[in-house]
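Data block below; observations after.
One is the number of the first residue; the rest follow in order along the sequence.
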Amino acid sequence: MVLCSFVFTVSVVGVWLVLFSLRVPNMSFTSPSVGSGGRTVRRAFEFGRTYVVRPKGKHQATVVWLHGLGDNGSSWSQLLETLPLPNIKWICPTAPTQPISVFGGFPSTAWFDVGELSEDAPDDIEGLDASAAHVANLLSTEPDDIKLGVGGFSMGAATALYSATCFAIKKYGNGTPYPSNLSAVVGLSGWLPCSKTLSKKFEEASEAARRAASFPLLLCHGKGDDVVPYKFGERSSRALSATGFQDVTFKSYNGLGHYTIPEEMDEVCAWLNSKLGLDGTPS
């Protein structure tokens, strides 16, 4: 196993973010919502700057990596550049700045809104769809022979896992066709949005089970995570497997909180090399 020579701790941005830690080219998406009196209101999503890490060797795969709440694409691009994965191009977008309900409306960079961190909390389908569509758009210009992946940390991991389900179903939550042909998804310290409705969507979508059966997913979670509890990652892994994803790898780390460590990133490196079939050549 390759040892990545770094230690990267994800800092929580301000007192507001202690509750729930989780930051693309400047692009925007607008989604409809229903306002008072039944009037349709459209939410505009203005995505921030995207940071790109070019492959140091032969370009074989492109992975969009999504940061956590309150962060931006820059911090993760600096980390990903140090990984011994010369054949991967990394695209690190920045989420829109929007009011976050769990912070009492305080604005933060976020891929979607969060009212509370619980299994009964409603999912922000508009926000999830807008972010998944932004990721798909970033991947849309990659060459046909390049394998495509999505990964992320915390809220970014949740968005990555949501993208995996959109790929299997071939639709976003709003029913719009999902265009990207993904090859792998990685989620660190995150959870699976819309888990309670996933089985029903699979039943309604032709070929979803077939696509999911061979689709590789890696979920990693620290047992000491006091922001996104370990049980959320564990249950997300089980929900994906129960739905039909047969190639799910779940890695747990004793004592690990809501951040990443070299051991975890070594797992990510080895897994991506294996699942994407990278040859590891530096030039």
Next on the checklist: As an exercise, state the distance from CD1 of Ile91 to CG of Leu139, rounded to the nearest 0.5 Å.
Outcome noted: 5.5 Å
Item to check | Short side-chain to backbone donor-acceptor contact, Asp113 and Asp124, under 3.5 Å | outcome: no
Item to check | Donor-acceptor side-chain pairing of Asp225 and Tyr259 below 3.5 angstrom | outcome: no
Item to check | Non-hydrogen side-chain atoms of Leu218 and Val268 separated by less than 4.5 Å | outcome: yes
Next on the checklist: Working to the nearest 0.5 angstrom, can you tell me the gap between Thr62 OG1 and Arg54 CZ?
Outcome noted: 9.0 Å
Item to check | Minimum heavy-atom distance Phe215-Ser183, with the two atoms named | outcome: CE1-C, 3.7 Å
Item to check | Point-to-point distance, once rounded to the nearest 0.5 Å, from CZ of Arg238 to OG of Ser241 | outcome: 10.0 Å
Next on the checklist: With side chain to side chain donor-acceptor pair (under 3.5 Å) as the criterion, how do Asp279 and Gln60 come out once you've worked through the C-alpha distance, each side chain's angles and the decisive distance to 0.1 Å?
Outcome noted: CA-CA 9 Å; Asp279 60 26; Gln60 295 179 301; 3.2 Å; yes
Next on the checklist: Is it true that Ser74 and Gln78 share a donor-acceptor pair across their side chains at a distance under 3.5 Å?
Outcome noted: yes
Checklist entry - What's the spacing between Ser189 OG and His221 NE2 if we round to 0.5 Å? => result 5.0 Å
Checklist entry - For the residue pair Phe250 and Tyr230, does the interplanar ring angle fall in the parallel (under 30°), tilted (30 to 60°) or perpendicular (over 60°) class? => result tilted
Next on the checklist: In terms of relative ring orientation, are Trp76 and Phe153 parallel, tilted or perpendicular, with 30° and 60° separating the classes?
Outcome noted: tilted
Next on the checklist: Donor-acceptor check, side chain of Gln98 to backbone of Ala110, threshold 3.5 angstrom: yes or no?
Outcome noted: yes
Checklist entry - Hey, what do you get for NZ (Lys56) to CG (Asn87), rounding to the nearest 0.5 Å? => result 11.0 Å
Checklist outcome for this item: OG1 of Thr197 to CD of Glu204, rounded to nearest 0.5 Å, is 9.5 Å
